[in-house]
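Structure first, commentary second.
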Amino acid sequence: MPSPDSPLHGAVAPFTMGPALLFCPADRPERFGKAAERSDAVILDLEDAVAPGDKQRARGAILGQLGSDGDAAELDPSRTIIRVNPVGSAEFEKDLHSLAHSPYRTVMLAKAESAEQLRALEGYRVIALCETAAGVVNASAIAAEPNVVALMWGAEDLLASLGGLSSRNDDGGYRAVALHSRSAVLLAAKAAGKEAIDSVYVNIPDLQGLAAESLDAVASGFGAKACIHPSQVATVREAYAPSPEAVTEAAELLDAASAAGTGVFQFKGKMIDGPILKHAEATLRRARHAR
């Protein structure tokens with residue numbers, strides 16, 4: 001097992017978990033396996049999902065499901081993320097001490113606010129959760145840190161940090177400041193060559209609203225979306241899996257581009273250039289990942 005005190009060797013591999021990431025309270029070990037089975041990756045949450053008095057028990061639950069050799073008996077480390085408490089808190093240091101005795105090396109840092117904080121997680125692959133005003137403003141600097149593999153944004157904690165009341169309007173759409181923050185985090189991540197993860201959809205029964213938001217996340221460039229309930233996973237996956245018609249169209253377009261051999265050409269009455277071809281390539285990548 002690599003030491004968390006030593007830097008990761010070489011270039012950090014891209015973040016490829018997803019598209020549906022499912023949060024699971026770390027103090028509910030009986031749910032770990034089910035959450036992993038029902039999602040593309042599970043996020044064991046040591047932060048908001050666990051009451052202050054239960055955090056030590058939650059850390060013990062993560063370590064308790066390891067085998068006698070220290071390997072994960074129930075969870076695949078390549079599909080497991082541990083959300084740790086904010087840097088500077090007493091709980092953060094305890095989280096790191098526990099992780100040092102586990103095989104898990106992908107962590108989500110709650111309330112990431114500066115590049116300097118990421119250096120406390122040297123040796124880990126980090127998803128920086130930008131969910132405060134400072135985190136969003138500093139998203140570009142955070143994304144540039146070598147151990148950061150992805151950025152995620154959080155709507156409700158963000159509005160709380162602003163002194164606001166809700167991230168959404170009465171019609172269910174995001175308020176302007178939330179939309180700005182969502183875009184800022186996405187742009188910062190992609191500018192740094194990192195992945196971007198869309199925030200959770202808290203209205204669990206509203207699968208129609210989740211579907212619309214997930215489709216927008218796909219179209220905007222988010223590589224994954226976080227879920228808070230197993231019932232949301234299928235909706236997110238469906239949004240990220242391109243339709244057979246879209247796959248066929250993309251394949252035909254790329255074949256036509258190869259045959260045309262020019263920078264700009266017409267395809268079914270439309271002008272096609274470089275950006276449109278990249279859209280088609282992205283569609284085929286998502287199709288391969290969905291299989």
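From a predicted model like this one, the values you see are computed outputs, not experimental measurements. For reference, positions follow the sequence shown, starting with 1. The figures that follow rest on heavy atoms only: side chains count, while hydrogens, waters and symmetry mates do not.
- Listed by first and then second residue, the salt bridge (charged side-chain N to carboxylate O under 4.0 Å, His left out) pairs that reach into residues 165-175 are Arg168-Glu213, sequence neighbours excluded.
- In this structure, Ser102 and Leu63 approach most closely via the heavy-atom pair CB-CD2, 4.1 Å.
- Between Ser220 and Leu186, the shortest heavy-atom contact is O-CD2, 3.4 Å.
- Within the structure, ring-ring contact (aromatic ring centres under 6.0 Å, His included) pairs that include any residue of residues 34-61 do not occur (at least two apart or interchain).
- The cluster map of Ile, Leu, Val, Met, Phe, Trp and Tyr, joined by side-chain heavy atoms under 4.5 Å apart, puts Ile228 and Ile43 in the same cluster.
- In the hydrophobic clustering of this structure, Leu215 does not group with Val202; members are Ile, Leu, Val, Met, Phe, Trp, Tyr whose side-chain heavy atoms approach within less than 4.5 Å, directly or through other members.
- For the pair Leu159/Ser166, no side-chain contact is recorded, criterion being any heavy-atom separation below 4.5 Å from C-beta on.
- Remark: side-chain polar atoms of Glu131 are paired, donor with acceptor, to backbone N or O of Lys111 under 3.5 angstrom.
- Residues meeting the side chain to side chain donor-acceptor pair (under 3.5 Å) test with Asn203, sequence neighbours left out: none.
- Residues Leu207 and Val218 are members of one and the same hydrophobic cluster, defined by side-chain heavy-atom contacts under 4.5 angstrom among Ile, Leu, Val, Met, Phe, Trp and Tyr.
- Judged as a ring-ring contact (aromatic ring centres under 6.0 Å, His included), and not counting sequence neighbours, His180 has no contacts.
- Using a 4.5 Å heavy-atom cutoff, the side chains of His97 and Glu93 are not in contact.
- The CE atom of Met17 sits 4.5 Å away from atom CD1 of Ile81, with the distance rounded to the nearest 0.5 Å.
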Would Asp157 and Asp48 satisfy side chain to side chain contact (heavy atoms under 4.5 Å, CB included), going step by step from the backbone distance to the final call? CA-CA 10 Å; Asp157 278 294; Asp48 282 347; 3.5 Å; yes

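- For the atom pair CG of Asn147 and CZ of Arg125, the computed distance is 10.5 Å after rounding to the nearest 0.5 Å.
- When all heavy atoms are compared, the tightest approach of Ala224 to Gly18 is CB-CA, 4.3 Å.
- Remark: Lys270 pairs with no residue by the salt bridge (Lys or Arg N to Asp or Glu O under 4.0 Å) rule, at least two apart or across chains.
- Contact check on Asp40 versus Arg79 returns no salt bridge, with no Lys/Arg side-chain nitrogen under 4.0 Å from an Asp/Glu carboxylate oxygen.
- Rounding to the nearest 0.5 angstrom, the gap separating the CD atom in Glu91 from the CZ atom in Arg59 is 4.5 Å.
- Separating the CG atom in Leu99 from the CG atom in Leu46 is a distance of 7.0 Å, to the nearest 0.5 Å.
- Side chains of Lys94 and Asn85 form no contact here, defined as non-hydrogen atoms less than 4.5 Å apart.
- Looking at Gln232 and Ile204, their side chains come closer than 4.5 Å, going by heavy atoms from C-beta outward.
- Residues satisfying the salt bridge (Lys or Arg N to Asp or Glu O under 4.0 Å) test with Arg28, not counting sequence neighbours, are Glu30.
- Shortest non-hydrogen contact noted between Ile142 and Ala128 is CG2-CB, 3.4 Å.
- Open room surrounds CD on Glu238; 12 or fewer heavy atoms of other groups in view lie less than 6.0 Å from it.
- Looking at residues two or more places apart in sequence or on another chain, you find no salt bridge (Lys or Arg N to Asp or Glu O under 4.0 Å) involving Glu113.
- Both Val185 and Leu162 belong to a common hydrophobic cluster when Ile, Leu, Val, Met, Phe, Trp and Tyr are linked at side-chain heavy-atom distances under 4.5 angstrom.
- Residues Cys227 and Val236 are in side-chain contact: their nearest non-hydrogen atoms beyond the backbone lie under 4.5 Å apart.
- Applying the salt bridge (Lys or Arg N to Asp or Glu O under 4.0 Å) test to Asp54 and every residue at least two apart in sequence or in another chain returns Arg57.
- A donor-acceptor pair under 3.5 Å is absent between the side-chain atoms of Lys225 and the main chain of Ala217, judged by distance alone.
- Thr80 has its side chain out of reach of Thr106: every pair of non-hydrogen atoms, C-beta onward, lies at least 4.5 Å apart.
- Applying the 6.0 Å contact sphere to CD of Glu116 captures no more than 12 heavy atoms from other residues, nucleotides or ligands.
- In this structure a side-chain-to-backbone donor-acceptor pair under 3.5 Å is present from Ser161 to Leu158.
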Any chance you could lay out the side chain to side chain contact (heavy atoms under 4.5 Å, CB included) test for Asp216 and Phe222, step after step, and finish with the verdict? CA-CA 9 Å; Asp216 181 75; Phe222 285 96; 6.0 Å; no

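- Rounding to the nearest 0.5 Å places CG of Leu151 at 10.0 Å from CD1 of Ile127.
- A distance-only check finds no donor-acceptor pair linking the side chain of Asp45 to the backbone of Val50 [under 3.5 Å].
- For residues 15-66, no residue pair satisfies the ring-ring contact (aromatic ring centres under 6.0 Å, His included) rule, not counting sequence neighbours.
- Proximity of Val87 to Leu118: side-chain heavy atoms (C-beta onward) are nowhere separated by under 4.5 Å.
- Here CZ of Arg31 is found 14.5 Å from CD of Glu37. Values are rounded to the nearest 0.5 Å.
- Pairs engaging residues 136-150 under the salt bridge (charged side-chain N to carboxylate O under 4.0 Å, His left out) rule: Arg119-Glu145 [sequence neighbours left out].
- Contact between Gly154 and Leu129 at its shortest, heavy atoms only, is N-CD1, 4.0 Å.
- Contact check for Thr235 versus Tyr201: no side-chain heavy atoms found under the 4.5 Å cut-off.
- Annotation: ring-ring contact (aromatic ring centres under 6.0 Å, His included) contacts involving residues 145-176, sequence neighbours excluded, comprise Trp153-Tyr174.
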One pair to check against side chain to side chain contact (heavy atoms under 4.5 Å, CB included): Ile62 and Tyr104. What are the steps and the verdict? CA-CA 10 Å; Ile62 292 175; Tyr104 304 119; 3.8 Å; yes

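- Residues Ala20 and Ser39 approach most closely at O-CB, 3.7 Å, considering heavy atoms.
- A search for side chain to side chain donor-acceptor pair (under 3.5 Å) contacts involving Lys194 returns nothing, not counting sequence neighbours.
- If you chain together hydrophobic residues whose side chains sit under 4.5 Å apart, Ile82 and Leu75 fall into the same group.
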